[in-house]
Number of protein chains: 2
Amino acid sequence: MSTLAEFAEQLRLAGLRPTRQRVAIAALLFDGRHRHVSADSLTEEITAAGLRVSGGTVYNTLNQFTEAGLLRRVLVHNEYSLFDTNTDHHHHFYEASNDQLLDIPNDDVILAKLPQAPDGHEIKAVDVVIHIQSK
Amino acid sequence: MSTLAEFAEQLRLAGLRPTRQRVAIAALLFDGRHRHVSADSLTEEITAAGLRVSGGTVYNTLNQFTEAGLLRRVLVHNEYSLFDTNTDHHHHFYEASNDQLLDIPNDDVILAKLPQAPDGHEIKAVDVVIHIQSK
DNA sequence: ATAGCTGCAAATGCTTTGCAAGGCC
DNA sequence: GGCCTTGCAAAGCATTTGCAGCTAT
């Protein structure tokens with residue numbers, strides 16, 4: 001459990017002014033659990049919490065948090081963007097039928113080996129999405 | 001090298017009427033090389049070939065080809081969609097700085113092991129995108 | 001005070017869709 | 001001929017942006 005002051009400090013460290021909206025969003029997102037949100041689902045959550053943040057600001061905040069390394073953008077489809085509060089290195093299962101994203105537990109089993117990056121390049125990130133469907 | 005009649009036959013087998021536009025697009029896409037196209041780059045290519053296919057039809061065709069298994073949609077960003085003419089199981093390097101997508105040669109080194117799909121589910125596809133940048 | 005934010009609405013860009021005209025079987 | 005396709009333009013959506021007013025510091 002964190003206090004609002006701690007969220008403010010976390011934002012300050014990330015180079016972001018701890019404004020009312022950003023602290024509120026941080027408090028919703030970084031409650032200790034790992035979650036996946038879209039601009040839309042986050043807006044609903046904000047509303048459910050009795051708060052109000054304009055649409056543009058939700059998008060801006062999501063992008064700023066991502067740039068600051070507090071969130072990670074996950075690519076599973078191109079209808080809209082999803083953000084993961086878990087920025088550690090890990091991968092995902094994605095079920096298209098209900099647009100559900102799941103963290104892969106114990107993902108160390110996957111990347112036993114990596115290919116060499118092309119000459120003059122280095123690997124920045126590795127995204128693995130395993131598409132699944134009900135049997 | 002394939003003839004137009006062969007492309008027509010390929011489309012028919014895929015359950016698609018071999019219309020002028022579809023055959024033309026197939027001839028451009030399936031020339032034996034493996035390529036990555038967007039709706040936009042494909043339209044340019046069509047124009048460069050002295051042909052004309054309306055924008056909506058380019059999108060429809062790309063989707064129909066994908067559904068028919070002739071193309072594979074690759075997710076690397078969500079600015080716009082990319083399609084790969086190589087539908088075999090393989091993975092990609094992606095360089096964001098110039099929006100360049102590269103097939104990973106010899107990709108068997110990667111997926112030494114796969115995690116178990118969640119209960120009641122099965123793995124449909126595995127997408128690996130390795131983001132790279134120049135050193 | 002002032003640089004940085006927010007809100008709102010308009011703008012953007014890719015993609016889809018509706019409908020009339022045209023082409024494949 | 002009948003049904004699937006195409007073309008074109010309009011509509012759709014997620015996201016970004018411009019600008020005036022607000023707010024952390």
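Below, read A as the first sequence line, B as the second, and so on, with proteins coming before strands; counting in each chain starts at 1.
The CG atom of L16(B) sits 13 Å away from the C1' atom of dC24(C) (whole-angstrom rounding). With rounding to whole Å, R22(B) atom CZ is found 14 Å from dG22(C) atom C1'. At whole-Å resolution of the value, CG in N78(B) and C1' in dT15(C) are 13 Å apart. If you measure from atom NE2 of H77(A) to atom P of dC14(C), you get 18 Å, rounded to the nearest angstrom. Taking atom CD of residue E44(B) and atom P of nucleotide dC14(C), one finds them 12 Å apart after rounding to whole Å. For the pair R73(B) CZ and dC14(C) C1', the computed distance is 11 Å after rounding to whole Å. Straight-line distance from the CG atom of L75(B) to the P atom of dC14(C): 17 Å, rounded to whole Å. What separates CD of Q64(A) from P of dC5(C) is a distance of 7 Å, to the nearest Å.
Using a 4.0 Å cutoff to heavy atoms of chain B, the contacted part of DNA chain D runs 5' to 3' from dC3(D) to dC8(D).
Residues R20(A) and Q21(B) each lie close to DNA chain C; by heavy-atom proximity, the contact nearer the 5' end of the strand is made by R20(A). If T19(B) and R17(A) are placed on DNA chain C by their nearest nucleotide, the residue sitting closer to the 5' end is R17(A).
Within the 4.5 Å cutoff, the side chain of Y94(A) has no heavy atoms near those of the V74(A) side chain. A heavy-atom distance below 4.5 Å is found between the side chains of R73(B) and N63(B).
Of the possible donor and acceptor atoms, one in the side chain of T61(B) sits under 3.5 Å from a partner among the backbone N and O of T57(B). When atom types are taken as modelled, the side chain of R12(A) and the backbone of P18(A) share no donor-acceptor pair closer than 3.5 angstrom. For the pair T85(B) (side chain) and F30(B) (backbone), a donor-acceptor distance under 3.5 Å is absent.
Of the options D127(B), D88(B), D103(B), a salt bridge (Lys or Arg N to Asp or Glu O under 4.0 Å) to R72(B) is made by D127(B) and by none of the others.
Here the side chain of S54(A) is nearest to one of dG23(C), dC5(C), dC8(C), namely dC8(C).
Contact annotation for N60(A): base contact, defined as any heavy-atom pair under 4.0 Å involving a base atom.
Contact check, S81(B) against dT15(C): a side-chain N or O comes under 4.0 Å of OP1 or OP2. The phosphate of dT16(C) has neither OP1 nor OP2 within less than 4.0 Å of any side-chain N or O from Y59(B).
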Task: ring-ring contact (aromatic ring centres under 6.0 Å, His included) assessment of H89(A) paired with H91(A) - done: CA-CA 7 Å; H89(A) 201 277; H91(A) 303 299; 5.1 Å; yes
